[in-house]
Amino acid sequence: MIITLAELKTFLNITDTSKDDLLNQAINNADGFVEGYLWYSLLLNEWLQAIFLGILDQFELRETNINSVSKIEYWEDEFDETLTEYTGKKRVYEQQGLVKTQECVWPFTQITYSFGYDDTTAPQDLKTAYLEIASAYYKSSWETSAGDVRSETVDGDSISFSDTRWKISDKSMTILNKYKIYAFSS
């Protein structure tokens, strides 16, 4: 998780536990929203694998800002599942999502790496965006019951309700845009 239940409760100034289920659901909804918006998950995954074909000494991983590379393995025949671990020198450029090896590795290479964030490693701007998104989901959950009521009349007195749908701010969307990856494959 990028944010914890405790962080969201502090952000919303909630001190009791009666809303914890709704708040946890709001956090899960925020995770889903961000993943759908970015088209990939920012949640920590320590066992991502990328497979490369060809004789290469440079490997570009899909996500940028990788945390670490745990293994580089290769096999000479894609139908023989015996993997050999690469033990030569390597250099990992985390910010660029790039791995370079001293020698060419071939012809089929598998790299196991860690990417993403948890509540202890996420940048503050990302945490702030997540808090706002989760808050919007939480607030919309308790307003849904009155969502269809636009006006009410009792004994000749009338009251009209404004639209109270919660929106995600442009600032949070700008933050999320920093994490978009604009790459296409054919």
Side-chain angles (χ1 to χ4, degrees), residues 1-8 11 24 26-134 136-137 168-186:
M1 294 282 155
I2 301 292
I3 59 172
T4 65
L5 176 61
E7 289 171 322
L8 183 57
F11 185 77
N24 279 318
I27 292 170
N28 289 334
N29 288 343
D31 289 334
F33 174 84
V34 171
E35 184 173 342
Y37 184 74
L38 298 178
W39 288 56
Y40 72 98
S41 175
L42 288 172
L43 300 178
L44 180 63
N45 184 339
E46 298 184 80
W47 302 107
L48 286 176
Q49 292 185 331
I51 297 178
F52 300 89
L53 307 175
I55 301 172
L56 304 168
D57 65 351
Q58 185 169 303
F59 306 89
E60 188 175 343
L61 301 175
R62 180 177 174 258
E63 286 86 342
T64 58
N65 296 316
I66 59 175
N67 300 321
S68 64
V69 171
S70 59
K71 257 195 278 193
I72 299 175
E73 300 170 298
Y74 61 93
W75 60 101
E76 295 179 20
D77 178 355
E78 70 178 309
F79 300 105
D80 179 6
E81 295 184 20
T82 306
L83 288 167
T84 304
E85 187 163 354
Y86 174 78
T87 56
K89 291 182 180 180
K90 69 178 182 282
R91 175 110 174 146
V92 179
Y93 298 91
E94 290 91 357
Q95 295 295 317
Q96 293 80 23
L98 187 66
V99 177
K100 288 187 174 188
T101 55
Q102 188 173 20
E103 304 90 31
C104 287
V105 183
W106 60 284
F108 305 98
T109 307
Q110 175 177 287
I111 298 178
T112 305
Y113 64 103
S114 170
F115 167 81
Y117 306 103
D118 62 18
D119 61 282
T120 63
T121 61
Q124 190 57 49
D125 66 339
L126 183 60
K127 288 179 85 84
T128 301
Y130 259 86
L131 285 167
E132 183 191 344
I133 294 165
Y137 274 107
I168 298 166
S169 72
D170 290 339
K171 184 176 180 180
S172 287
M173 296 309 289
T174 300
I175 291 168
L176 291 182
N177 285 337
K178 289 179 12 183
Y179 294 89
K180 277 201 167 197
I181 297 173
Y182 296 98
F184 300 97
S185 61
S186 55

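No donor-acceptor distance shorter than 3.5 angstrom exists from the side chain of Ser172 to the backbone of Ser169, with no hydrogens or angles considered. Using modelled atom types, no side-chain atom of Ser68 and backbone atom of Ser70 make a donor-acceptor pair closer than 3.5 Å. Side-chain N or O atoms of Asn67 include one that pairs as donor or acceptor with a backbone N or O of Gly116 at under 3.5 Å. In terms of modelled atom types and a separation under 3.5 Å, the side chain of Thr174 and the main chain of Asp170 share a donor-acceptor contact.
With a 4.5 Å cut-off on side-chain heavy atoms, Leu131 and Leu8 count as touching. Residues Leu43 and Tyr117 have side chains not in contact (no heavy-atom distance under 4.5 Å, counting atoms from C-beta outward). A heavy-atom distance below 4.5 Å is not found between the side chains of Tyr74 and Ile72. The shortest distance between side-chain heavy atoms of Asp119 and Ile3 does not fall below 4.5 Å. A heavy-atom distance below 4.5 Å is found between the side chains of Leu61 and Val99. By the 4.5 Å heavy-atom criterion applied to side chains, Pro123 and Tyr179 are counted as neighbours.
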(Q) For Leu83 and Gln110: C-alpha separation, side-chain torsions, deciding distance, then whether side chain to side chain contact (heavy atoms under 4.5 Å, CB included) applies. (A) CA-CA 9 Å; Leu83 288 167; Gln110 175 177 287; 3.9 Å; yes
Q: Starting from the C-alpha separation in whole Å, work towards a yes-or-no answer on side chain to side chain contact (heavy atoms under 4.5 Å, CB included) for Lys180 and Tyr37.
A: CA-CA 8 Å; Lys180 277 201 167 197; Tyr37 184 74; 3.4 Å; yes
Q) Can you list the steps and then say if Trp75 with Thr84 is a side chain to side chain contact (heavy atoms under 4.5 Å, CB included)? A) CA-CA 6 Å; Trp75 60 101; Thr84 304; over 6 Å; no
Q: May I have the step-by-step check of side chain to side chain contact (heavy atoms under 4.5 Å, CB included) for Ser114 and Leu44, ending in yes or no?
A: CA-CA 7 Å; Ser114 170; Leu44 180 63; 3.8 Å; yes
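Glu76 CD to Trp106 CH2: the interatomic distance, rounded to the nearest 0.5 Å, is 5.5 Å. The line from CD of Gln102 to CZ of Arg91 is 13.0 Å long, rounded to the nearest 0.5 Å. To the nearest 0.5 Å, atoms CD (Glu60) and CD (Gln58) are separated by 8.0 Å. One finds the CD atom of Glu35 at 9.0 Å from the CG atom of Leu42 (value rounded to the nearest 0.5 Å). To the nearest 0.5 Å, atom OG1 of residue Thr109 and atom CD1 of residue Ile51 are 9.5 Å apart. Of the inter-residue distances, the one linking Asn29 atom CG with Asn24 atom CG reads 11.0 Å to the nearest 0.5 angstrom.
Residue-environment remark: CD (Glu85) exceeds the threshold of 12 foreign heavy atoms within 6.0 Å.
Closest non-hydrogen pair, Ala134 versus Ala26, comes out as O-CB, 3.3 Å. A pairwise comparison of heavy atoms in Ile175 and Ala129 identifies CG2-CB, 4.0 Å as the closest pair. Taking both residues in full, the closest heavy atoms of Phe115 and Ser41 are given as CE2-O, 3.4 Å, listed atom of the first, atom of the second, then distance.
None of Leu48, Val69, Thr101 except one satisfies the side-chain contact (heavy atoms from CB on, under 4.5 Å) rule with Ile111; the exception is Val69. Just one residue in the list Leu126, Ile168, Asp125 forms a side-chain contact (heavy atoms from CB on, under 4.5 Å) with Leu176, and that residue is Leu126.
Under the 3.5 Å distance criterion, with hydrogens and angles disregarded, no donor-acceptor pair is assigned to the side chains of Asn28 and Tyr137. Of the N and O atoms on the side chains of Tyr86 and Glu103, at least one donor lies less than 3.5 Å from an acceptor on the other residue.
Look at Lys127 and Glu7 and you find a salt bridge, because one of the NZ, NE, NH1 or NH2 atoms lies within 4.0 Å of a carboxylate O, short of that distance.
Annotation: ring pair (Phe, Tyr, Trp, His ring centres under 6.0 Å) contacts of Phe59 (sequence neighbours excluded): Phe52.
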